[in-house]
Structures are given as structure tokens and as C-alpha cells.
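See below for the structure under consideration.
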Amino acid sequence: MVQANLTSVTIFFFLGFSHYPKVEVIVFVLCLLMYLITLLGSIILISITVLDSHLHKPMYFFLSNLSFLDIGYISSAFIPMLANFVSGKNSISFLGCAAQMYFSLAMGSTECVLLSMMAYDRYVAICNPLRYPTIMNKSVCVQIAAGSWVAGCLTALVETVSVLQLSLCGHNTINHFACEILAVLKLVCVDTSVVELIMLVITILLLPMTMLLICISYAFILSNILRISSVDGQNKAFSTCAAHLTVVVLFYGTALSMYLKPSAIESQEIDKFTALVYGGLTPMLNPIIYSLRNKEVKAAVKKLLIRNPFGTVLISALNNIGASRLT
């Protein structure tokens with residue numbers, strides 16, 4: 001069997017969903033819609049957190065970082081796939097594959113750390129409201145966000161370099177729609193135990209460990225909420241945390257099913273659809289979830305639309321539709 005170092009390969013080919021032509025068209029349309037909705041929703045969230053002074057708070061600072069991560073993650077995974085479908089090439093250069101692998105891992109890893117830090121932010125806000133402005137000051141927020149980015153980028157670099165140093169089994173066809181690290185690892189014909197150990201350690205640090213921090217934070221939050229005598233106060237606290245918890249469940253549920261599933265139930269086709277949910281559906285739902293359950297965000301979006309002539313027409317049309325339904 002001919003062996004070739006990964007770095008000596010100049011081009012990779014994707015199988016994608018080519019075995020199912022009808023499914024491939026549906027996947028393309030769905031991915032395009034998910035990408036456009038994610039792009040629009042995330043840009044709106046970033047814009048209002050910058051432009052609206054009422055949203056200059058730690059929670060919205062972290063939310064804008066999360067939106068930026070969503071744009072980066074879905075762009076790194078979906079743009080090459082959509083471009084390949086339109087061109088019909090289904091290929092990517094070695095450097096393009098390495099960059100896609102790195103940025104996908106970096107954005108996903110950073111989001112793991114950031115979500116746990118957002119849980120800590122909610123813990124301080126609800127359990128220590130008087131000290132919240134002091135504890136979560138601007139400097140601390142910037143350090144937390146920067147730390148999340150550095151941790152995510154460094155772990156992604158370690159994983160990417162570890163895989164790209166291995167040797168192929170004489171073929172360069174990836175049974176996936178992107179340069180997903182597990183799919184690329186299947187092309188390798190040398191011993192991968194060291195690389196798999198590195199990936200396992202990083203995955204445990206980024207998934208179960210950050211999940212544990214989130215669970216501990218919300219255990220204290222729940223305990224504190226139950227001691228609130230006011231029903232309105234309890235509802236407000238639950239509403240504040242519900243959006244973040246929904247995002248956590250979606251993100252960690254799909255991530256765990258991808259990277260910590262038993263090898264006995266491994267299926268490449270299932271992995272592809274899981275990757276679509278993890279890489280497309282979750283980023284698309286994030287801005288929607290945070291917008292629907294947050295009065296401050298909805299008020300800021302409405303204010304932003306009113307400033308725009310097209311937005312004024314849109315709001316007027318929505319109000320007319322609502323009035324016609326009532327009559």
C-alpha cells in the first residue's frame with residue numbers, strides 16, 4: 001500500500017452526499033438558508049450590542065462574541081461546501097483543508113469555553129447582584145473573552161498539526177462534505193493512538209469539564225431562584241437563564257454525539273447529518289433563541305429598524321397584519 005504524508009497531498013476530494021443526488025440538492029438549499037439566516041441574525045445581534053447603550057452589559061458583550069463565533073464556524077464549514085456544489089468540483093486544496101479544519105475546531109472549541117463563562121456570568125448576576133458590576137467589570141469581561149479565544153485557538157492548533165503530520169493510505173477522498181478532523185483521520189494508515197489520545201484529552205477538557213462548570217453554576221442559580229419570594233422575580237430570573245440553557249443543550253448535545261460517541265455505533269452518514277445540525281442548525285438558532293426570549297434585545301432590534309426607512313415600512317406592515325387578525 002502506497003503511503004503519502006498528508007502535507008505532500010495537494011488536493012482533497014469530498015464524497016459529501018453524492019450517493020444521494022436528490023438529498024444533495026435538498027441539503028444545499030437547507031444549508032444556504034441556514035447560512036443566510038445565521039449571517040443576518042448574528043450581524044443584527046452584534047450591531048445592536050454595539051449601537052444600543054442599554055446593551056452595554058457583560059451578558060451582551062459575551063453574546064456578541066458568541067454571534068461572531070457562529071458566523072466564523074458556519075462560514076468555515078458551509079462556504080466551501082456551497083461553492084463546491086455550485087461549481088461541481090467537490091474538491092479543496094491542502095492549505096484550504098488545513099485552514100477549514102483549524103478554523104472549525106477553533107470556533108467550536110472557543111464556543112465551549114465561552115458558554116461556560118456565560119454561565120458564570122449568569123451565576124454572578126443572580127447570586128451576587130450587588131457585587132455584579134464590580135466582579136464582572138469591563139476589564140474582567142475582556143480578559144474572559146480573550147482567554148476563551150486563546151484557549152480555543154491553541155487547542156485547535158494542537159489537534160490540526162497533530163493530524164496533518166500523519167501519513168495517508170494512498171487516497172485523498174474524504175467521506176464528508178468538509179475537512180472534519182475525524183473524517184480526515186480515517187484516511188490515515190499509520191498508528192493514530194497518540195493523536196487520538198491528544199484529541200480525547202482536549203475533548204474531555206472542552207466538553208465534559210466545561211459542562212460540569214455550567215451545571216455547577218446553574219445548580220447555585222436554581223438554589224438562589226427558589227429562595228426568591230417574588231413570583232415576578234423568579235420568572236425574570238428563569239427567563240434570563242432559559243435562553244442560555246437552550247443554547248447549551250443544543251450545542252453540547254450535538255457536540256457530544258459527534259466526538260464522544262462509542263465507536264461501535266459509528267456511521268459516516270450519521271456523522272454527516274450530525275455535522276449539519278452541529279455546524280448549521282445550532283448557529284442559526286442561537287440569535288433566534290436569544291432574540292425571542294429577551295425583551296431588551298427585541299426593543300433594541302425594533303429601535304434599529306425604526307432608524308432604517310425599510311425597517312419602518314416592515315414594522316408598519318407587521319402592525320397592520322396584527323390589526324387585521326384582531327378584526
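Using a 4.5 Å heavy-atom cutoff, the side chains of Asn84 and Met81 are not in contact. The shortest distance between side-chain heavy atoms of Leu256 and Met211 falls below 4.5 Å. At a threshold of 4.5 Å between non-hydrogen side-chain atoms, the residues Thr210 and Leu115 do not count as touching. Using a 4.5 Å cut-off on side-chain heavy atoms (C-beta onward), Phe13 and Asn90 make no contact. When side chains are defined from C-beta on, Ile92 counts as touching Cys179, because their heavy atoms get closer than 4.5 Å. With a 4.5 Å cut-off on side-chain heavy atoms, Leu185 and Leu166 count as touching. Side chains of Asp121 and Met59 form a contact here, defined as non-hydrogen atoms less than 4.5 Å apart.
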Q) Could you go step by step and tell me if Trp149 and Asn65 meet the side chain to side chain contact (heavy atoms under 4.5 Å, CB included) rule? A) CA-CA 9 Å; Trp149 281 92; Asn65 274 267; 3.0 Å; yes
Q | Phe103 and Tyr73: CA distance, side-chain angles, deciding distance, ring pair (Phe, Tyr, Trp, His ring centres under 6.0 Å) verdict | A | CA-CA 7 Å; Phe103 283 111; Tyr73 188 85; over 10 Å; no
Q: Step by step, work out the side chain to side chain contact (heavy atoms under 4.5 Å, CB included) result for Leu157 and Cys153.
A: CA-CA 6 Å; Leu157 184 63; Cys153 292; over 6 Å; no
(Q) I'd like to know whether Tyr60 forms a side chain to side chain contact (heavy atoms under 4.5 Å, CB included) with Asp52, so could you lay out the CA-CA distance, the side-chain angles of the two residues, the decisive distance to 0.1 Å, and finally the verdict. (A) CA-CA 11 Å; Tyr60 299 109; Asp52 196 319; over 6 Å; no
Q. Is there a side chain to side chain contact (heavy atoms under 4.5 Å, CB included) between Asn286 and Phe251 once you walk through the steps?
A. CA-CA 9 Å; Asn286 283 353; Phe251 180 81; over 6 Å; no
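The two atoms that bring Thr254 and Thr282 nearest to each other are OG1-OG1, 4.1 Å, heavy atoms only. The nearest pair of heavy atoms linking Ile174 to Ala178 is CG2-O, 3.9 Å. Nearest heavy atoms, Leu276 versus Met34: O-CE, 4.3 Å. Closest approach of His176 to Ala183, counting heavy atoms only: CB-CB, 3.8 Å. Nearest heavy-atom pair across Gly280 and Pro283 is O-CD, 3.4 Å. The two atoms that bring Ala145 and Phe61 nearest to each other are CB-CE2, 3.7 Å, heavy atoms only.
Taking the six-membered ring where the residue is Trp, the centroids of Tyr35 and Phe78 are separated by 6.0 Å or more. Ring centroids of Tyr218 and Tyr123 are separated by 6.0 Å or more, keeping the two rings apart. Ring to ring, Tyr120 and Phe62 are not that close: their centroids are 6.0 angstrom or more apart.
Glu159 and Thr155 are not linked by any side-chain donor-acceptor pair at a separation below 3.5 angstrom, with hydrogens and angles left out of the test.
Listed for the Ser75 side chain is no donor-acceptor partner under 3.5 Å among the backbone atoms of Gly72. Between the side chain of Ser223 and the main chain of Ala219, no donor-acceptor pair closer than 3.5 Å is present. Checking side-chain atoms of Asn224 against main-chain N and O of Phe220 turns up no donor-acceptor pair under 3.5 Å.
Here the CE atom belonging to Met284 is positioned 6.5 Å from the OG1 atom belonging to Thr38, to the nearest 0.5 angstrom. Of the inter-residue distances, the one linking Ile221 atom CD1 with Cys215 atom SG reads 11.0 Å to the nearest 0.5 angstrom. To the nearest 0.5 angstrom, Leu114 atom CG is 6.0 Å from Leu69 atom CG. Considering CD1 of Ile214 and CE of Met118, their distance stands at 9.5 Å, rounded to 0.5 Å. Considering CD1 of Ile204 and CG of Leu212, their distance stands at 12.5 Å, rounded to 0.5 Å. Rounded to the nearest 0.5 Å, atoms CG (Leu55) and CG (Leu63) are 9.0 Å apart.
Residue Tyr132 qualifies as enclosed at atom OH: its count of foreign heavy atoms under 6.0 Å is above 12. Few gaps surround NE2 on His56; more than 12 heavy atoms of other groups in view lie less than 6.0 Å from it.
Leu206 and Val249 fall into different hydrophobic clusters, where Ile, Leu, Val, Met, Phe, Trp and Tyr residues are linked whenever their side-chain heavy atoms come under 4.5 Å apart, directly or through other members. By the rule that hydrophobic residues join a cluster once side-chain heavy atoms approach within less than 4.5 Å of another member, Ile43 and Leu45 end up as members of one cluster. Linking Ile, Leu, Val, Met, Phe, Trp and Tyr residues whenever their side-chain heavy atoms come within less than 4.5 Å leaves Val23 and Leu15 in two separate clusters. Under the 4.5 Å side-chain heavy-atom criterion for Ile, Leu, Val, Met, Phe, Trp and Tyr, Met107 and Val150 are members of distinct hydrophobic clusters. If you chain together hydrophobic residues whose side chains sit under 4.5 Å apart, Phe14 and Leu30 never meet in one group.
Applying the side chain to side chain donor-acceptor pair (under 3.5 Å) rule to pairs touching residues 99-112 yields Ser76-Ser104, sequence neighbours excluded.
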When the side chains of residues 195-203 are checked against the rest of the protein, which donor-acceptor pairs come out under 3.5 Å, sequence neighbours left out?
from	atom 1	to	atom 2	distance (Å)
Glu196	OE2	Thr192	OG1	3.0
Thr203	OG1	Met199	O	2.6

